[in-house]
Amino acid sequence: MAMVLMWTGLSAQIDSVKNRIMNNRVSKEVKNRIWRKPKDTTVVTVKSEAAFMPYKDKFIRRIYIRQIGFERSIYDSSRRIRDRITRLANTLHYDTRESVIRNHLFLREKRQLNPYKVADNERYLRDLDFILDSKIIVHRVPGQPDSVDLEVVTRDVFSLGLTGSVKGLDEYVVGVYDANVGGMGQRVQADVGIEGGREPVLAWDVIYRKSSIMGTLINAYAGYTRLDNSRSLGEEYEHAFFVRLDRPLVSPYSRFAGGFEASQNWSKNVYRTSDSLFRQYRYNFEDAWVGYNLGANSFNNRHRYFAAMRYFRQHYSRQPSQEWDRVRGLYNDQRFLLGSFTFYDQNFYKTRYVYGFGRTEDVPYGQTITLTSGWMEELAEKRLYTGLSVLKSFVHKGGNFYQIEGAFGTFYRDKRAEDAFLSISGQYYSKLFVTKRLKVRQLVEAGYARAFQPRIREMLTLNEELRGFSPDSLYGAQRIILRTETTLFTNWQFAGFRCAPFVSLESAHLRAQSPVVLPKNFFWGATGGFRIRNENLIFGTIELRAFYFPEAIDGVDHLSFRVTTNLRLKYSGRFVTPPSLVRYNN
């Protein structure tokens, strides 16, 4: 009994000391900084242009730029975050210069306000990787009822970032970059790869980008890499130089879009593979396209027609010596000239918690129909090509998103169709279910694909159609995919990082071209894990994912794991794309 009383007294003293430690001012401050339940914001789905409709056709007198620091919220101006991490970030970070923000504006003073165009520019700013979010506020001008001022409010992300990937105990890649050097909209990145079996052990690359050169909305890229495997089958490392120019169609009221890329690439035998097995090759390619937006001056509707042309050339100055690779399109010269005509009518809703962790996301709705035609030369054969793609997106105010896509493409030789491809797919995102502790969104995807009259181009595969599923050799003529994924967005964060667990069930059916018989036609698996993201930092989502397949085949394990850093997840909302062939595989 004495021992019990002594232990009871000692336990009470320990509890008293623990309470004093945990509840003093210093402990509370540390706890609030490291483990904090953030102030939640109402999750709504509204049309992007809704806030600007009351000011339609008024004249824009002035455009002002206002930038807020990491301690402020773009959604709640009264909310301030005061901690050492925020103060350190503000000290190390260079705010984006006002001139850089203005270089990304296509709104003009002394022009009439178009609500859709203002929403387009707000969304375009949000899409810049060095901007966390943007908001355009319309202010009435006292005494001038026909004029307004625009206040462009932006909040940067912390532009310094790290990249990394681990493939084994002695194989990993680390990198450092600044996506907004000096606040000038310039990105500089350098990566170093280390692998014990390589010679040399170290490999590296360096990449430079300038966003919207002199306000033209043209982005420029240049780089050199020894870490690439580009167009190879992934078994050879490539050295490469490349330059790229890109001008996206940022709004239906823009006239031109286009791009150009040139590259020199050559394989390097860093694993000292025997000459009979190593693919020794050298090639270069050029890719250029330009498009014109018909009806860009029409302010009464968003219906547009877009005409584009694209030329691509891949030339091998040295081909692999292996006979099998010499008859594959991947390691041979290719050329194509394609033209496309696109009808599109696309608008956007603003919402949150689709892929992001609370930042504003833009979900498109409308339709896009593209007809593509031209010719292609590969394996010394010239063939005509025709393709058609249709995309229809729906958004309900309650928060449900739907997308249906269909495509068909075929080549012609001697007036006969060959290497034809048909695909139909659908995607459904449920509305966001909100509880006190969680936000839940459900994804359901289904797809069907069929290849007809195969001759030159490779057949359908399941590589990454089922995530984490990449068999060595599994080809078919018909493919069916079904996937469902549940994502949980938690309300807690650790040092600014938020966590979203997810679980997914996936299945696929692949049927071979007769008379080939596959050892198995049906495959299914389960994946799960969690995504981690700090929206204030430049680098993308970190994803830890486990894959489980009950029946393993060559090249696929029963259980495997993958860690992906700098993952870029975004609901696609591009108005148009360069003319291209209908896609066979991912």
Side-chain angles (χ1 to χ4, degrees), residues 38-52 68 73-76 104 116 118-136 152-157 179 248 250-251 346-366 368 391 393-403 427-434 438-445 485-491 493 496-502 530-543 566-575:
K39 179 180 178 181
D40 194 16
T41 54
T42 303
V43 179
V44 294
T45 302
V46 297
K47 290 186 175 181
S48 298
E49 72 280 2
F52 311 116
I68 60 178
S73 168
I74 203 166
Y75 316 114
D76 184 359
H104 291 84
Y116 294 96
V118 177
D120 289 337
N121 210 153
E122 186 183 71
R123 183 181 61 258
Y124 173 61
L125 291 172
R126 257 195 304 274
D127 282 346
L128 300 174
D129 63 355
F130 51 87
I131 298 293
L132 171 65
D133 211 338
S134 66
K135 186 176 183 180
I136 297 180
V152 180
V153 184
T154 63
R155 183 184 177 191
D156 288 357
V157 294
V250 296
S251 168
Q346 191 175 104
N347 291 289
F348 293 84
Y349 274 88
K350 292 194 294 187
T351 189
R352 297 178 194 165
Y353 296 104
V354 180
Y355 288 117
F357 289 67
R359 69 190 301 175
T360 304
E361 298 181 74
D362 301 283
V363 178
Y365 69 96
T368 302
L391 176 66
S393 302
F394 311 84
V395 178
H396 288 173
K397 291 184 178 180
N400 298 317
F401 316 137
Y402 309 84
Q403 182 171 285
Q427 192 178 68
Y428 162 76
Y429 276 94
S430 74
K431 69 177 182 180
L432 191 70
F433 299 97
V434 181
L438 295 173
K439 298 176 181 66
V440 183
R441 200 182 289 276
Q442 186 72 30
L443 165 66
V444 178
E445 291 181 292
E485 183 171 293
T486 303
T487 304
L488 310 177
F489 296 95
T490 63
N491 287 341
Q493 66 180 20
F497 287 87
R498 305 184 72 172
C499 179
F502 63 90
F530 52 91
R531 302 182 183 105
I532 303 171
R533 178 73 187 266
N534 187 328
E535 293 286 11
N536 290 315
L537 301 180
I538 181 65
F539 55 80
T541 302
I542 302 170
E543 181 182 87
N566 212 34
L567 183 66
R568 296 292 174 182
L569 295 172
K570 184 179 180 298
Y571 205 94
S572 177
R574 298 189 67 176
F575 294 106

### Task
Looking only at non-hydrogen atoms, find the nearest pair between S393 and P364 and report the distance.
CB-O, 3.5 Å

### Query
So which heavy atom on T154 is nearest to which on S134, and how close?
CG2-CB, 4.2 Å

#### Entry: Validation row: R352, T360 side chains within 4.5 angstrom (heavy atoms)
yes

### Residues forming a side chain to side chain contact (heavy atoms under 4.5 Å, CB included) with Y428, sequence neighbours excluded
N400, Y402, S430, V444

### Query
Can Y353 and V434 be said to form a side-chain contact (heavy atoms from CB on, under 4.5 Å), step by step?
CA-CA 11 Å; Y353 296 104; V434 181; over 6 Å; no

### Message
Quick check for you: to the nearest 0.5 Å, what is the distance between E485 atom CD and E445 atom CD?
### Response
8.0 Å

### All ring pair (Phe, Tyr, Trp, His ring centres under 6.0 Å) counterparts of F357, not counting sequence neighbours
F489

### Query
What is the distance from atom CZ of F52 to atom NZ of K47, rounded to the nearest 0.5 Å?
14.5 Å

### Query
By side-chain hydrogen bond (donor to acceptor under 3.5 Å, both in side chains), which residues pair with S251, not counting sequence neighbours?
D120

#### Entry: T487 and V440: CA distance, side-chain angles, deciding distance, side-chain contact (heavy atoms from CB on, under 4.5 Å) verdict
CA-CA 6 Å; T487 304; V440 183; over 6 Å; no

#### Entry: Those residues that, when tested against E49, pass side-chain hydrogen bond (donor to acceptor under 3.5 Å, both in side chains) (two or more places apart)
none

### Query
If every non-hydrogen atom of V152 is compared with every non-hydrogen atom of I136, which pair is closest and at what distance?
CG2-CG1, 4.3 Å

### Query
Any donor and acceptor pair, going by atom type alone, linking the side chain of T541 with main-chain N or O of R533 inside 3.5 Å?
no

### Task
Check for a donor-acceptor pair, side chain of T368 on one end and backbone N or O of L391 on the other, with a separation under 3.5 Å.
no

### Task
Answer whether the closest heavy-atom distance between the side chains of Y355 and R531 falls below 4.5 Å.
no

### Query
Is the shortest distance from a Lys or Arg side-chain nitrogen in E361 or R441 to a carboxylate oxygen in the other one below 4.0 Å?
no

### Message
Is the shortest side-chain heavy-atom distance between N491 and K439 below 4.5 Å?
### Response
yes

### Task
May I have the step-by-step check of side-chain contact (heavy atoms from CB on, under 4.5 Å) for F401 and T351, ending in yes or no?
CA-CA 11 Å; F401 316 137; T351 189; 3.7 Å; yes

### Task
Using the test side-chain hydrogen bond (donor to acceptor under 3.5 Å, both in side chains), find all partners of N121 that sit at least two apart in sequence or belong to another chain.
none

### Message
Classify the ring geometry of F130 against H104: parallel below 30°, tilted from 30° to 60°, perpendicular beyond 60°.
### Response
perpendicular

### Task
Report the residues that fulfil side-chain hydrogen bond (donor to acceptor under 3.5 Å, both in side chains) with T486, sequence neighbours left out, ordered by chain and then residue number.
Q442

### Task
Using ring pair (Phe, Tyr, Trp, His ring centres under 6.0 Å) as the criterion, point out the one residue from F348, F394, Y349 that pairs with Y365.
Y349

### Query
Would K350 and D362 satisfy side-chain contact (heavy atoms from CB on, under 4.5 Å), going step by step from the backbone distance to the final call?
CA-CA 5 Å; K350 292 194 294 187; D362 301 283; 3.6 Å; yes

### Reported CD1-to-CZ distance for the pair I68 and R155, which is rounded to 0.5 angstrom
6.0 Å

### Contact check, side chains of V157 and I131, non-hydrogen atoms, under 4.5 Å
no

